[in-house]
Amino acid sequence: MTPAERIFAAALLDGSRPVPAGLRDGAGGPAGRRFGVYRNNVAASLTEAMHLAFPVIARLLGKQNMDGLAGLFLRAHPPSSPLMMHYGAAFPDFLSAMEQLSHLAYLPDVARLELALRRSYHAADADPVAPADLAEANPDRLADSRIVFAPAMEIVRSRWPIHDIWRFNTETGAPRPRGVAQDVLITRPQFDPEPQPLPDGGADWIGAMQGGLTVGDALDSAQRRTPGFDPAPTLALLLGGGAVVSLESTG
Amino acid sequence: MPEDSKAQARLPAAAGVGYKAQHFAAITDNPGTVAWLEIHAENYMGDGGRPLAQLRHLSRGFPLSVHGVGLSIGGESALDPDHLARLAQLVGWLNPAAFSEHLAWSTHGGHFFNDLLPLPYTEATLARVVSHIHQVQDVIRRPMLLENPSSYLAFEDSTWSEPEFLAEIARRTGCGLLLDVNNVFVSAANLGFSPQGYIDAFALDRVGEIHLGGHDEDSDDHGVPLLIDSHGRAVVEPVWALLDYTLARSGARPVLIEWDSDIPGWPVLEAEAARATRALAGIGQSVPA
């Protein structure tokens, strides 16, 4: 008798379940470990996907630990869509909940950074604002404008040095991570997402603008939290990375 | 973006390869005998960036075949309307020479397993697959190709042979078939049937594309060799021989080399395509055993 698809599906991810009935080898005998080919294919392909999605986490943990963690994760959170480019969104929270990893408290934020890099890679294209247009805008008008950001721009905030950790594990010769909190801005000048650390207050300013505030109101808000915040270096990072698509005047 | 007015190209009866991003520059510079490319649909369902830019570029130089792995056509569940819409958008934009999917399922209960899972061949599954294919063809507004799977086990309830099942699906839906010769070889070894007999029973007049790929060897509980369809190495000699056997009966068809893991440098992949080109050129010049 043919096993229901749900029995087949449940046994795929749970090796403690018996091989579903009604499956045969070529000689009419029980399928036995032939069913295991499907189990292996599913686990191996999703484990491979996790290694590709989180190379820095894999490097920090080592291959064996990452394999083990991916095996737990893929059973707790199988993909919900055939778009594997989005797989792993639940991984940071999964890492946070792992008691055994509590001494590596920065891991979830590093995973968030890797997710954000992947989102940026696949985000829609957008032509950046022409530098001349921006130069011509007078300061009052600029303060009253709202910035439209490129879809590929991402902000990841952390109380850990996640940019340093990311660089140290992806670039040869990068300096060792320092003991600082780092907010990271990701821009995608062309096709490759570029993460860069933001100055203090930069993430507040950009976040407020993403929330709909004008450039000036967002600056007030950022300066209340970070007195003396100078937006120029953050603006330079945004413009250099092509993250500003247009200015919408509110006047 | 390809112009909408461009007539829909057909896949040439020549060699193609499964496209991998690391080969972009090499393919553009020196495609060798590679006359067309196949892409995995789901890898190009993002919103932008490099994947879509590369695809836009390649679509100007090569006929393209779009190969889906995520529709779950053989599954019990209704096809995912979001995924169908994404597919319609990709096919509408690219206007590819072919779209193909698998006689398999990959999604159950909202979970995607990232693998091609088997189904029994019965009247009930026949009706289901036929209905799903009608739905796909309505959405993409063209006939699709359906591919034969690699099998590691059989269902005791199956009442149709696989070639007959596929032929009946094609008859009822008007779809074409994608004949994966390596899958035939793998399934034949695993289930103990004759690969030539399978080809003889196959609706070759429906075949719009042929796949070739490499497989790994394992063994089952009884030490019986079990071949695994891995797409991670070169095509083996007996599969090349089975290609010759097939082409001698089908005539020239588009032939694709699939290499999806442990991906080699371009010269190695191009050499596999060149061998497929020679096989196509040699049709009728030798008598396969």
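Chain identifiers are assigned alphabetically (A, B, ...) following the order of the sequence lines, protein sequences preceding nucleic acid strands; residue numbering begins at 1 within each chain.
Of the charged side-chain nitrogens involved, at least one lies within less than 4.0 Å of a carboxylate oxygen, so that B/D218 and A/R33 count as a salt-bridged pair. By the 4.0 Å N-to-carboxylate-O rule, B/D221 lies too far from A/R34 to be salt-bridged with it.
How far OG of A/S81 is from CG of B/D80: 7.5 Å, rounded to the nearest 0.5 Å. Taking CG from A/N41 and CG from B/L116, the interatomic distance works out to 9.0 Å, rounded to the nearest 0.5 Å. Distance CZ/A/R119 to CG/B/D47: 12.0 Å, rounded to 0.5 Å. In this structure, the separation between CZ on A/R39 and CZ on B/F113 is 12.0 Å, given to the nearest 0.5 Å. Annotation: the span from B/L153 atom CG to A/R24 atom CZ amounts to 10.5 Å, rounded to 0.5 Å. Of the inter-residue distances, the one linking A/N40 atom CG with B/Y152 atom OH reads 10.5 Å to the nearest 0.5 angstrom.
Chain A forms more heavy-atom pairs under 4.5 Å with one residue of B/G70, B/S219, B/P118, B/A41 than with any other, namely B/P118. When the candidates A/S45, A/G32, A/P151 are compared by the number of heavy-atom contacts under 4.5 Å with chain B, A/S45 comes out ahead. Ranked by non-hydrogen atom pairs under 4.5 Å with chain A, the options B/H111, B/R86, B/E42 are led by B/H111.
Only the side chain of B/L226 comes within less than 4.5 Å of a heavy atom of chain A; its backbone N, CA, C and O stay farther away. If you measure heavy-atom distances from B/V69 to chain A, you find no contacts under 4.5 Å at all. Proximity to chain B (any heavy atom under 4.5 Å) is shown, for A/V42, by both the backbone and the side chain. For A/A9, the parts lying near chain B are the backbone and the side chain together; criterion is any non-hydrogen pair under 4.5 Å. With a threshold of 4.5 angstrom between heavy atoms, A/F35 approaches chain B through its backbone and through its side chain. Residue A/L74 does not touch chain B at all, counting heavy-atom pairs closer than 4.5 Å.
In this structure, A/L12 and B/H108 have side chains that are not in contact, with every pair of non-hydrogen atoms separated by 4.5 Å or more. Between B/P51 and A/Y121, the closest side-chain pair of non-hydrogen atoms falls below 4.5 Å. Looking at A/M84 and B/N114, their side chains come closer than 4.5 Å, going by heavy atoms from C-beta outward. B/F112 is listed as a side-chain neighbour of A/P82, based on a closest heavy-atom distance under 4.5 Å.
By the neighbour-count criterion of 12 heavy atoms within 6.0 Å, atom CG of A/D127 is sparsely surrounded, having that number or fewer from other residues, nucleotides or ligands. No more than 12 heavy-atom neighbours from other residues, nucleotides or ligands sit within 6.0 angstrom of CD on B/Q89. Summarising the local packing, CD of A/Q64 is surrounded by 12 or fewer heavy atoms from other residues, nucleotides or ligands at distances under 6.0 Å.
Minimum heavy-atom separation, A/D25 to B/L191: C-CD2, 4.3 Å. Between A/F191 and B/A53, the closest heavy-atom pair is CZ-CB, 3.4 Å. Here the closest non-hydrogen pair linking B/G74 and A/E5 is O-OE1, 4.3 Å. Across all non-hydrogen atoms, the minimal contact from A/Y38 to B/S150 is OH-O, 4.2 Å.
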Point to revise | Evaluation steps, side-chain contact (heavy atoms from CB on, under 4.5 Å), between B/H83 and A/L83 | key: CA-CA 9 Å; B/H83 201 58; A/L83 300 197; 4.0 Å; yes
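The aromatic rings of A/F8 and B/F155 sit parallel to each other, their planes meeting at less than 30°, with 60° as the upper class boundary.
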